[in-house]
Amino acid sequence: MSAPPATETLPAGPLVVGRAAEGPAPRLSLVVPTWNEAATFPDFIRETSAVLDRVLPGQYEMIVVDDDSTDGTWRTALALAARFPALRVVRRIDEHGLATAVVRGWQLGGADVLGVIDADLQHPPEVCASLWGEIVAGADLAVASRHVPGGGVSDWSLRRRILSRAAQVLGLVLLPGVLARVSDPMSGFFFVRRRAIEGVPLRPEGYKILVEVLGRGRVRWIAEVPYVFRERAHGASKATARVYLDYVRHLVRLRRDTLLQSRFVRFALVGLSGVVVDMSLLFLLSDPRTLGWGLTRSKTIAAEAAIVNNFLWNDRWTFADLVPDERSWHAARRRFLKFNAICLGGLVLNVLLLNVMFNLLHMNRYVANAIAIGAVTAWNYLLNRALAWRSADVG
Ligand code: GDD
Ligand code: MN
C-alpha cells in the first residue's frame with residue numbers, strides 16, 4: 001500500500017528563485033498561498049484544475065504554501081492531492097506572510113512560468129487561460145487587473161476602495177517608475193517568466209509580491225487582462241492594518257534599494273561629486289583669498305577636472321553595463337572624447353548662464369554656479385546616454 005501523501009519541505013535561506021528544473025518539467029508552476037482557507041479550498045482546486053486541465057493538460061503544477069493554518073488547510077489540500085495529481089502541498093512552520101509564501105513556492109516550482117492566485121476564489125480561475133495566452137504571446141509578465149476595461153471589483157465598501165486607491169497613489173509617489181508600469185500594481189494574480197526574476201534576491205514584505213517583481217525583476221514586456229475581483233464565499237480577508245504598514249515599509253525599502261539602480265540617480269550623484277571637484281578648484285584658483293585667477297580661466301580648468309572625474313565614475317559605474325565588452329583603452333578614449341565634447345557644449349552653456357546670473361543679475365557666484373550646473377545636467381545625461389555610451393554593436 002503506497003504511503004499517504006506528505007507535505008513537502010521548502011528551501012531555506014534567501015528568497016532567490018533559481019534555475020528551472022533539469023529534464024521534464026511542467027510549463028507552469030502556479031503558487032497558491034493559504035492561510036485558513038479549508039472551507040473554500042475544495043471548490044478552488046476543483047475549479048482551477050478544470051481550467052488548467054483544459055489549457056495545459058498534464059503540463060502544470062499547483063503548489064499550495066500553507067503557513068500552518070489553524071483550520072488545517074494543508075491537511076485538506078493533502079487529502080485532495082490523490083485526486084489532483086498536479087497538486088503539491090507545503091506546510092510552512094517557521095515563516096509567515098503572503099508574499100514570502102509565494103516566493104518560497106516559486107523556489108520549489110520547476111516551470112519556466114511562475115504564477116500566483118488566491119485560494120478564496122476572489123480571483124476567477126478562468127482568467128488563468130487569458131494570462132497563459134499572454135505569456136505564450138511573448139509577455140514577460142501577465143497581470144490580472146481590476147483597472148482595465150472589463151475589470152472591476154464586485155461589492156467593495158467605499159472604505160476599502162479608498163484604502164486600495166490610497167495605497168496605489170502612495171506607491172506611485174514613492175516609486176513612479178515601478179508602480180506606473182501597470183494599471184493594478186496591487187494585483188495578487190499574475191504569471192511571470194522565471195527568467196525575469198531568476199537569481200534576483202527578492203525582499204517582499206506583507207502582501208504585495210507584484211510590486212517586488214516589478215521593482216527588482218528584469219521585466220520588459222507586460223500584458224494585462226481584465227478580471228472582476230469577486231466576493232469571498234467563506235471567511236474574510238486576512239488583510240489587517242499590519243498589512244498596510246508592511247506595504248509602506250516595503251515601498252520605502254524598495255525605494256532605497258533601487259535608488260541606485262536608477263541610472264539618472266547614479267549620473268546625478270556622479271555629477272554631484274563633479275560639483276565638489278569643480279567648486280573646490282574654483283575656490284583654489286579664483287578666490288581672492290587663494291590664487292585669485294580670473295573667473296573664466298579658473299572655471300574652465302575646474303570644469304575640465306570635473307569632467308575627467310565624472311567620466312571615470314560614469315564609465316566604471318553609471319553606464320558600465322551598457323558597454324561591458326568595450327573596456328579597451330582605445331574604446332574608453334573614444335567615449336571620453338565624446339563625453340568631453342558633449343560636456344563642453346554643456347560647459348559653454350554653463351559659463352554663459354553663470355556670467356549672465358553673476359554679472360547681469362548680480363547673483364552670488366556659488367548659487368549661480370549651482371543653478372548653471374543643474375540646468376546642464378539633463379543635457380549631459382541625455383546626450384551621453386544616447387551617444388557616448390551607445391554600445392558599438394548598436395551601430
Ligand atoms: N501562506 C500564507 N500566509 N497565505 C496567506 C497569508 C499568510 O500570511 N495571508 C493571506 N494568505 C492567503 C489567503 O489565504 C488567500 O489565499 C490569499 O493569501 C489572499 O489573502 P486575502 O486576505 O484574501 O487577501 P485580499 O482578498 O484582502 O487581497 C487579495 O487581493 C488583492 C487584490 O488583488 C490579495 O491578493 C492582495 O495581494 C491583492 O492586492
Ligand atoms: Mn481575498
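When a ligand or atom number is given, it counts from 1 through the structure's own listing order.
Nearest to atom 38 (C) of ligand 1 by heavy-atom distance, out of Glu231, Arg146, Met186, is Met186. The option from Tyr247, Tyr227, Phe41, Trp74 that lies nearest to atom 33 (O) of ligand 1, judged by heavy atoms, is Tyr227. By heavy-atom distance, the residue among Val90, Asp67, Leu98, Val102 lying nearest atom 18 (O) of ligand 1 is Leu98.
Here is the list of ligand 1 atoms found below 4.0 Å of a heavy atom in Gly97: 3 (N), 7 (C), 8 (O). Applying the 4.0 Å criterion to heavy atoms of Ala101 picks out, from ligand 1, the atoms 1 (N). Residue-ligand proximity, Ala239 to ligand 1, at heavy-atom distances under 4.0 Å covers atoms 22 (O), 27 (O). Near Gly188, with a cut-off below 4.0 Å to any heavy atom, the atoms of ligand 1 are 33 (O), 35 (O), 38 (C). Distances below 4.0 Å separate heavy atoms of Asp120 from the following atoms of ligand 1: 23 (O). Less than 4.0 angstrom separates some heavy atom of Arg232 from each of these atoms of ligand 1: 21 (P), 23 (O).
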Stepwise side chain to side chain donor-acceptor pair (under 3.5 Å) test for Asn310 and Asn314: CA-CA 6 Å; Asn310 293 3; Asn314 283 326; 5.9 Å; no

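Under 3.5 Å, the side chains of Thr100 and Glu95 contain no donor-acceptor pair of N or O atoms. Using a 3.5 Å distance cut-off with no hydrogens or angles, the side chains of Glu224 and Ser183 do pair a donor with an acceptor.
Salt bridge annotation for Arg203-Glu212: absent, with no cationic side-chain nitrogen under 4.0 angstrom from a carboxylate oxygen. Ion pairing between a basic and an acidic side chain is recognised when a charged N comes within 4.0 Å of a carboxylate O; Lys208 and Asp246 show no such pairing. Look at Asp67 and Arg92 and you find a salt bridge, because one of the NZ, NE, NH1 or NH2 atoms lies within 4.0 Å of a carboxylate O, short of that distance. The pair Asp66-Arg91 does not count as a salt bridge, with every side-chain nitrogen at least 4.0 angstrom from each carboxylate oxygen. Between Lys299 and Asp278 there is a salt bridge, since a side-chain N of the basic residue sits under 4.0 Å from a carboxylate O of the acidic one.
Protein heavy atom in closest approach to atom 27 (O) of ligand 1: Ser237 OG, 2.6 Å. Nearest to atom 28 (O) of ligand 1 among the protein's heavy atoms is Arg160 NH2, 3.9 Å. Distance from atom 35 (O) of ligand 1 to its nearest protein heavy atom, with residue and atom name: Asp118 OD2, 2.8 Å. Counting only heavy atoms of the protein, atom 22 (O) of ligand 1 lies nearest to Lys238 N, 2.6 Å. From the protein, the heavy atom lying nearest to atom 26 (O) of ligand 1 is Gln122 OE1, 2.9 Å. Of all protein heavy atoms, the one lying nearest to atom 5 (C) of ligand 1 is Trp35 CB, 3.6 Å. Protein heavy atom closest to atom 24 (O) of ligand 1, with residue, atom name and distance, is Tyr207 CE2, 3.3 Å.
By the criterion of a heavy-atom distance under 4.0 Å, the side chain of Glu37, and not its backbone, is placed next to ligand 1. Counting heavy atoms under 4.0 Å from ligand 1, residue Pro33 touches it through both backbone and side chain. Only the side chain of Phe229 comes within 4.0 Å of ligand 1, judged by heavy-atom distances. Contact annotation: for Val65 versus ligand 1, heavy atoms closer than 4.0 Å belong to the backbone alone. Under 4.0 angstrom from ligand 1, there are no non-hydrogen atoms of Arg92. Neither the backbone nor the side chain of Phe190 has a heavy atom within less than 4.0 Å of ligand 1.
Of the polar atoms of Ala119, at least one N or O is found under 3.5 Å from an N or O of ligand 1, judged by distance alone. Taking distance alone, with nitrogen or oxygen atoms compared against 3.5 Å, His96 approaches ligand 1 more closely than that limit. Residue contacts with ligand 1: Ser187 is placed with no nitrogen or oxygen under 3.5 Å of a nitrogen or oxygen of the ligand (distance criterion only).
To the nearest 0.5 Å, the span separating CD on Gln107 from CG on Leu15 amounts to 5.5 Å.
Taking every heavy atom of both residues into account, Ile63 and Ser29 meet most closely at CD1-CB, 4.4 Å. Heavy-atom minimum distance, Arg194 versus Trp106: NH2-O, 4.1 Å.
Here the Mn ion (ligand 2) has protein N, O or S atoms under 2.8 Å from it, and they come to 2.
Proximity of a side-chain donor or acceptor of Lys238 to a complementary backbone N or O of Asn36 within less than 3.5 Å is detected. With Ser286 contributing its side chain and Phe283 its backbone, the two residues share no donor-acceptor pair below 3.5 Å.
The aromatic ring centres of Trp317 and Phe311 sit 6.0 Å or more apart. Centroid-to-centroid, the aromatic rings of Tyr381 and Phe264 come within less than 6.0 Å. If you look at Tyr60 and Trp132, their ring centroids are not closer than 6.0 Å.
Using bins of under 30°, 30° to 60° and over 60° for the plane-to-plane angle, the ring pair Phe44/Phe41 lands in the tilted bin.
By the side-chain contact (heavy atoms from CB on, under 4.5 Å) test, Val276 pairs with Ser280, sequence neighbours left out.
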